[in-house]
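Lettering follows sequence order; numbering is per chain, from 1.
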Amino acid sequence: MLQLITKNFSLHHTLSCGQTFCWKQLPASASWQWQGYIYDIPCLARQVGNVIIFEGSAELDEALVRRYFNLTPAWDQILSSLPDDSWLNQARKEVAGLRCVHEPWWECTANFICSSLKQIPQIEQINQNLRSRFGQVISGTSFYRFPSAETLATLSEKDLRDCKLGYRAKHLFRAAHQVSHGAISWNSLEQMPLQQASCELQKLAGVGEKVAHCILLYAGNHLDAFPFDVWVFRLMHELYYPKRRVMPDQKTMDRKAQKLFGATRGIAQHYLFHWYRTCYMKSR
DNA sequence: TGGCAGGGGTTGA
DNA sequence: TCAACCCCTGCC
């Protein structure tokens, strides 16, 4: 059993906001709140006040948990110096404790390739299907690792379709081939400027600009990545261009986001996105 | 119970 | 620029 004292952290907001797809919320009657994986180590988790508690194998130590949930002094510093914007301030108050996680590159890439026109529960189902059908069993447990690109590249497109990927099977299959043949150097992506890293990722099948920015934000520590999906278009239009009847184009909104939120606009997007969907829309 | 619309995007013409 | 791509969910 591993216990951590945290500040400004909500397990619930962080795991339910649609950035990671390998966690399952357990029923209220259960003694644990969440079941999932931290870097392919299966674990159970719950939060009581500012204490988070994990049950997992001996490999699961505090350093891994802090890395996965970005529970570091550097992140505390970033969070306390986000720009002073009234909507962002409201979001930070109402979904307090939300954090970006730090996902493994390949799993994050595969998840977001599967995410197009899919809702969060469906992406979670796909993640689970890929693990249980093609992942290595984790010894001593009934859980499975996320299958590597090399493993997925040995399968057929039909195998992937059977995991409920639909037309995305072709994209994931091709991307797995590309990655297993060294098309992407993951480590160098973190050092590249955002635009260059995004272009690099878009060489993979099924990865467009939106998916590339998600991968860079949730796996690559690019806090300036700003994924534009339909929800971000909606919230930017409604909150920041309330008088415009016609939605501004992406370039205009991207410039606005840069001006408002600067180099940490990815975190601002992360808060606004989750808050807009779970609080703002429901209160109207 | 069944039909229908719509959903967190990318591709290829 | 736009149709096509799968399939699940919610709604009627």
Side-chain angles (χ1 to χ4, degrees), chain A residues 13-25 91 95 98 100-101 103 107-130 133 152 155-179 183-184 197-220 222 225-239 246-254 257 265-282:
Chain A
H13 286 314
T14 301
L15 294 180
S16 64
C17 72
Q19 59 179 324
T20 176
F21 305 98
C22 61
W23 287 88
K24 185 172 76 175
Q25 187 166 20
V95 291
L98 173 67
C100 294
V101 296
E103 287 274 88
E107 181 176 350
C108 188
T109 301
N111 280 337
F112 281 102
I113 287 174
C114 298
S115 74
S116 80
L117 294 183
K118 283 275 186 193
Q119 290 164 341
I120 294 168
Q122 295 172 264
I123 309 166
E124 289 170 348
Q125 185 62 56
I126 290 171
N127 183 288
Q128 195 49 49
N129 289 342
L130 289 172
R133 296 176 71 127
L152 294 187
L155 305 172
S156 69
E157 203 178 302
K158 184 183 176 303
D159 289 327
L160 297 180
R161 273 182 186 263
D162 290 345
C163 294
K164 300 191 189 300
L165 267 75
Y167 65 87
R168 303 158 197 84
K170 184 171 72 182
H171 298 157
L172 183 60
F173 181 65
R174 284 171 54 191
H177 265 273
Q178 290 173 286
V179 168
I184 294 282
S198 172
C199 289
E200 199 60 22
L201 276 171
Q202 286 178 61
K203 291 176 183 169
L204 297 180
V207 177
E209 193 178 3
K210 188 265 174 181
V211 168
H213 278 237
C214 286
I215 299 166
L216 290 169
L217 182 59
Y218 301 128
H222 273 275
F226 199 90
F228 272 97
D229 62 25
V230 293
W231 288 97
V232 175
F233 275 116
R234 276 179 211 153
L235 78 86
M236 286 293 288
H237 184 201
E238 192 169 343
L239 306 181
V246 179
M247 188 182 283
D249 63 26
Q250 184 175 330
K251 270 192 179 171
T252 306
M253 291 210 232
D254 196 38
R265 56 190 178 277
I267 301 177
Q269 182 269 6
H270 192 61
Y271 272 99
L272 288 168
F273 173 84
H274 185 53
W275 164 76
Y276 183 78
R277 284 162 49 97
T278 57
C279 302
Y280 183 84
M281 291 297 282
K282 286 186 178 160

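- Rounded to an integer number of Å, the gap from Lys203(A) NZ to dT10(B) C1' is 18 Å.
- Under a 3.5 Å cut-off, the side chain of Gln19(A) and the backbone N or O of Thr14(A) do form a donor-acceptor pair.
- Following rounding to the nearest Å, Gln250(A) (CD) and dT1(C) (P) show an atom-to-atom distance of 13 Å.
- Counting to the nearest Å, the C1' atom of dC8(C) and the CG atom of Asp162(A) are 16 Å from each other.
- Following rounding to the nearest Å, Arg277(A) (CZ) and dG7(B) (C1') show an atom-to-atom distance of 11 Å.
- Shown here for Met253(A) and His237(A), the closest heavy-atom pair between the two residues is SD-N, 4.2 Å.
- Among the heavy atoms of the strands lying under 4.0 Å from Ala205(A) are primed sugar atoms or P, OP1, OP2 only; no base atom is included.
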Given Watson-Crick and G-U pairs under 3.5 Å, DNA chain B in dot-bracket ([ ] crossing, | other strand) is .||||||.|||||
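- Side-chain contact between Leu117(A) and Arg168(A) is present, with heavy atoms from C-beta onward closer than 4.5 Å.
- The heavy-atom pair separating Phe173(A) from Leu155(A) by the smallest distance is CE1-O, 2.9 Å.
- Remark on DNA chain B: of its neighbouring residues Phe21(A) and Val207(A), the 5'-side contact belongs to Phe21(A), judged by nearest-heavy-atom nucleotide.
- In this structure, the CD1 atom of Ile215(A) is 18 Å from the P atom of dG8(B), given to the nearest Å.
- Here the side chain of Gln269(A) pairs no donor or acceptor atom with the backbone of Val232(A) at under 3.5 angstrom.
- The residue among Gln269(A) and Arg174(A) whose nearest nucleotide of DNA chain B lies closer to the 5′ end is Gln269(A).
- Rounded to a whole angstrom, the distance from the P atom of dG8(B) to that of dC11(C) is 14 Å.
- In this structure, Leu172(A) atom CG and dT11(B) atom C1' are separated by 16 Å, rounded to whole Å.
- Heavy atoms of Gly18(A) sit under 4.0 angstrom from at least one base atom.
- Not one N or O on the side chain of His213(A) forms a donor-acceptor pair closer than 3.5 Å with the backbone of Ala225(A).
- Within the 4.0 angstrom heavy-atom criterion, no nucleotide atom of any strand lies near Gln125(A).
- The backbone N or O of Thr20(A) lies less than 3.5 Å from no partner atom in the side chain of Tyr218(A), so there is not a single donor-acceptor pair.
- For the pair Leu172(A) and Cys114(A), the tightest heavy-atom approach, listed with the atom from each and the gap, is CD2-SG, 4.0 Å.
- Leu160(A) comes within 4.0 angstrom of nothing in the nucleic acid, heavy atoms only.
- Cys17(A) comes within 4.0 angstrom of a base, heavy atoms only.
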Just the atom pairs and distances: protein N or O near nucleotides 2-6 of chain C's N or O, under 3.5 Å.
residue : atom : partner   : partner atom : Å
dC6(C)  : OP1  : Arg161(A) : NH2          : 2.7
dC6(C)  : O5'  : Arg161(A) : NH1          : 3.3
dC6(C)  : O4'  : Tyr167(A) : N            : 3.3
dC6(C)  : O2   : Arg168(A) : NH1          : 3.3
dC6(C)  : O2   : Arg168(A) : NH2          : 3.3

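- Among the atoms of the strands shown, base atoms are found under 4.0 Å from some heavy atom of Phe273(A).
- Only the P atoms considered, dT9(C) is 23 Å distant from dT10(B), to the nearest whole Å.
- Atom pair Glu124(A):CD and dT9(C):C1' shows a separation of 14 Å (rounding to whole Å applied).
- In this entry the distance linking NE2 of His270(A) with C1' of dG8(B) reads 14 Å, nearest Å.
- At least one side-chain heavy atom of His274(A) sits less than 4.5 Å from a side-chain heavy atom of Ser16(A).
- Ring geometry, Tyr280(A) versus Trp275(A): the interplanar angle falls from 30° to 60°, so the pair is classed tilted.
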